[in-house]
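Position 1 is the first residue of the sequence, and the numbers go up from there.
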Amino acid sequence: MLVDRMRPFTSTIFAEMSALALRTGAINLGQGFPDTDGPPSLLADAAANIRAGVNQYPPGPGIPQLRTAVAEHQRRFYGLDVDPDAVLVTTGATEAIAAAVLAFCDPGDEVVTFEPYYDSYAATVALASAVLRPVKLRPPTFGFDPDELRAAFSARTKVVLVNTPHNPTGTVLTREQLTLIGELAAEHGAVVVTDEVYEHMVFDGREHVPMATLPGMAERTLTISSAGKTFSVTGWKVGWVHGPAELVAALRAAKQFLTYVSGAPFQPAIATALALPDDFYTALSADLQRKRDQLCAGLEAAGLTVYRPSGTYFVITDVTPLGFADGAELAWSLPERIGVAAVPVSVFCADPELGRTLVRFAFCKRDEVLAEAASRLARLGAAVDA
């Protein structure tokens with residue numbers, strides 16, 4: 001009974017791999033969630049809110065305290081002048097992305113994005129009966145070809161969906177790359193929707209550049225982020241979007257019929273957490289960079305080609321040095337072979353050949369878990385030979 005356009009999306013790779021990891025007792029380096037909770041003050045605030053009766057519908061746009069905190073965060077870190085009334089609280093970044101595509105795309109309209117992509121992007125475009133126009137990010141740098149980007153635009157381009165820092169590749173788009181994206185969007189009259197949930201997870205001294213900070217782009221950009229990744233509370237599903245009032249209003253028109261509101265006791269707690277001192281944010285990045293290096297060392301010792309990421313929770317590897325021509329084949333067998341779960345990159349691609357030999361691992365785990373994963377990965381060569 002499922003409509004044709006949604007038949008490729010009956011299940012997510014994250015649900016499937018997490019279930020496989022649970023069934024086999026494998027270490028789950030597939031799904032991108034931390035195995036520790038967020039700041040104690042944040043958790044205490046949320047618990048206090050629940051006990052105090054903050055459990056009914058919050059205001060449709062989100063509580064004023066959180067919308068103001070988002071605006072102040074954007075000014076503090078990026079110098080953006082954001083009106084709190086132009087901030088909309090959403091049920092995670094995923095809902096904000098879906099609402100944007102549904103709000104701006106009629107059937108047959110086109111969405112330019114980059115592949116590999118987070119899997120909800122393609123599903124959301126299908127929900128809107130729109131057309132995905134992916135631009136390839138290729139290893140080892142996972143940069144894009146400017147000519148291929150230009151060719152992806154047309155008279156039907158309505159939305160440009162940009163994710164930086166980028167899941168699954170871990171690349172951080174540069175100011176120059178973002179400038180070209182913005183110029184092409186402006187030339188074609190497209191709305192730019194930026195998914196910046198990993199904004200505070202950038203390594204090696206690199207810079208996260210919000211699209212809205214570039215000249216002329218604030219007027220056509222919707223900026224999305226969330227609390228889940230920054231504060232290690234992925235299950236709370238509280239995100240936000242800001243941009244020009246007329247674009248936010250259009251997105252809200254779609255969003256209110258997806259989930260009207262959510263996260264009542266969490267919203268004020270997150271508002272307070274957004275004002276945590278700089279030390280919290282610098283420690284978050286430094287800790288994840290160290291974890292990245294720990295897992296990359298284990299993956300390299302296992303014989304995989306490792307593409308060290310510049311941001312996010314994830315590292316991509318190439319499995320061909322182990323004699324595999326198909327990353328999915330290895331990923332599905334890893335839990336049984338050595339007790340580690342990962343995700344094949346081909347599921348994030350419109351062109352599966354782009355990610356055919358690539359596998360993604362998550363490093364947002366406790367040090368002892370990563371150490372045990374590295375120990376198991378060290379047995380990979382022998383397990384493959386067997």
A.B. asks: Look up atom CD in Glu115 and atom CG in Leu132, then write down how far apart they are to the nearest 0.5 Å.
C.D. replies: 7.5 Å
A.B. asks: If we ignore hydrogens and angles and just use 3.5 Å, is the side chain of Thr282 paired with the main-chain N or O of Asp279 as donor and acceptor?
C.D. replies: yes
A.B. asks: Distance-only, no hydrogens or angles: does the Asn49 side chain make a donor-acceptor pair with backbone N or O of Val54 under 3.5 Å?
C.D. replies: no
A.B. asks: Measure the spacing between CD1 of Ile316 and CG of Leu304 and express it to the nearest 0.5 Å.
C.D. replies: 12.5 Å
A.B. asks: If only atom types and distance count, is the side chain of Glu336 paired as donor or acceptor with the main-chain N or O of Thr24 below 3.5 Å?
C.D. replies: no
A.B. asks: Among Leu358, Leu330, Ile13, find the one that has a side chain to side chain contact (heavy atoms under 4.5 Å, CB included) with Pro344.
C.D. replies: Ile13
A.B. asks: Identify whether Leu42 and Phe266 are in the same connected component of the hydrophobic contact network (ILVMFWY, side-chain heavy atoms under 4.5 Å).
C.D. replies: yes
A.B. asks: Identify, with sequence neighbours excluded, every residue that meets side chain to side chain donor-acceptor pair (under 3.5 Å) alongside Asp318.
C.D. replies: Thr320, Thr357
A.B. asks: Between Ala342 and Phe361, which heavy-atom pair has the shortest distance, and what is it?
C.D. replies: CB-CE2, 3.5 Å
A.B. asks: Can you see which heavy atom on Val238 is nearest to which on Leu66, and at what distance?
C.D. replies: CG1-CD2, 4.0 Å
A.B. asks: May I ask you to decide whether Glu207 forms a salt bridge with Arg175, counting only side-chain N to carboxylate O separations under 4.0 Å?
C.D. replies: yes
A.B. asks: Under 3.5 Å, is there a donor-acceptor pair between the side chain of Arg5 and the main chain of Ala126?
C.D. replies: yes
A.B. asks: According to a hydrophobic-cluster definition based on side-chain heavy atoms being under 4.5 Å apart (Ile, Leu, Val, Met, Phe, Trp, Tyr only), do Phe144 and Leu354 belong together?
C.D. replies: no
A.B. asks: Taking Glu300 as the fixed residue, which of Val306, Thr317, Thr305 is the one that meets the side chain to side chain contact (heavy atoms under 4.5 Å, CB included) rule?
C.D. replies: Val306
A.B. asks: Can you list every pair that meets ring pair (Phe, Tyr, Trp, His ring centres under 6.0 Å) and has a residue in residues 275-294, with sequence neighbours left out?
C.D. replies: Phe77-Tyr281, His200-Tyr281, Phe231-Phe280
A.B. asks: Does His208 have its ring centroid less than 6.0 Å away from the ring centroid of Tyr198?
C.D. replies: no
A.B. asks: How close do Pro39 and Leu276 get, counting heavy atoms only, and between which atoms?
C.D. replies: CG-CD1, 4.0 Å
A.B. asks: Can you tell me how far the CG atom of Asn28 sits from the CE atom of Met17, to the nearest 0.5 Å?
C.D. replies: 9.5 Å
A.B. asks: For the backbone of Gly92 and the side chain of Thr90, can you confirm whether one donor and one acceptor N or O come within less than 3.5 Å of each other?
C.D. replies: yes
A.B. asks: Are any side-chain N or O atoms of Arg292 and backbone N or O atoms of Pro309, one a donor and one an acceptor, separated by less than 3.5 Å?
C.D. replies: yes
A.B. asks: Quick one: pull up CG in Asp119 and SG in Cys349 and give me the separation to the nearest 0.5 Å.
C.D. replies: 11.5 Å
A.B. asks: Could you tell me whether the side chain of Gln74 and the main chain of Val82 form a donor-acceptor pair under 3.5 Å?
C.D. replies: no
A.B. asks: Out of His242, Glu199, Glu196, which residue meets the side-chain hydrogen bond (donor to acceptor under 3.5 Å, both in side chains) rule with Ser225?
C.D. replies: Glu199
A.B. asks: Are the charged groups of Arg356 and Glu353 less than 4.0 angstrom apart, N to O?
C.D. replies: yes
A.B. asks: Which atom names give the shortest non-hydrogen contact between Thr223 and Thr194, and what distance separates them?
C.D. replies: CA-OG1, 3.4 Å
A.B. asks: Looking only at heavy atoms, what is the nearest atom pair of Ser226 and Ala93, with distance?
C.D. replies: CB-N, 4.1 Å
A.B. asks: What distance do Asp35 atom CG and Arg366 atom CZ have between them, rounded to the nearest 0.5 Å?
C.D. replies: 4.5 Å
A.B. asks: Do Leu247 and Thr221 come close enough that some side-chain heavy atom pair is under 4.5 Å?
C.D. replies: no
A.B. asks: Roughly how far, to the nearest 0.5 Å, is OG1 of Thr169 from CZ of Phe142?
C.D. replies: 6.0 Å
A.B. asks: Quick one, Ile181 with Leu173, criterion side chain to side chain contact (heavy atoms under 4.5 Å, CB included). Give me CA distance, side-chain angles, the key distance, then yes/no.
C.D. replies: CA-CA 10 Å; Ile181 295 167; Leu173 295 178; 4.1 Å; yes
A.B. asks: Indicate yes or no for a side-chain donor-acceptor contact from Glu110 to the backbone of Arg133 under 3.5 Å, with no hydrogens or angles considered.
C.D. replies: no
A.B. asks: Would you verify whether the NZ or CZ of Lys229 falls within 45 degrees of the ring axis of Phe33 while also being under 6.0 Å from that six-membered ring's centre?
C.D. replies: no
A.B. asks: Determine whether a donor-acceptor pair (N or O, by modelled atom type, separation under 3.5 Å) exists between the side chain of Ser232 and the backbone of Pro34.
C.D. replies: no
A.B. asks: Apply side chain to side chain contact (heavy atoms under 4.5 Å, CB included) to Lys291 and Leu370, showing your working.
C.D. replies: CA-CA 8 Å; Lys291 291 176 183 293; Leu370 294 176; 3.7 Å; yes
A.B. asks: Can you confirm whether more than 12 heavy atoms, excluding those of Gln56, are under 6.0 Å from its CD atom?
C.D. replies: no
A.B. asks: Is there a donor-acceptor pair under 3.5 Å between the side chain of Arg67 and the backbone N or O of Gly62?
C.D. replies: yes
A.B. asks: Between Phe324 and Val359, is a side chain to side chain contact (heavy atoms under 4.5 Å, CB included) present by the stated rule, with each step listed?
C.D. replies: CA-CA 11 Å; Phe324 276 83; Val359 174; over 6 Å; no
A.B. asks: Is any NZ, NE, NH1 or NH2 atom of the basic residue among Arg76 and Asp278 found under 4.0 Å from an Asp or Glu carboxylate oxygen of the other?
C.D. replies: yes
A.B. asks: Between Phe114 and Leu149, is any pair of side-chain heavy atoms under 4.5 Å apart?
C.D. replies: yes
A.B. asks: Check this for me, if you would: do Asp287 and Arg290 make a salt bridge, where the nitrogen-to-carboxylate-oxygen distance has to be below 4.0 angstrom?
C.D. replies: yes
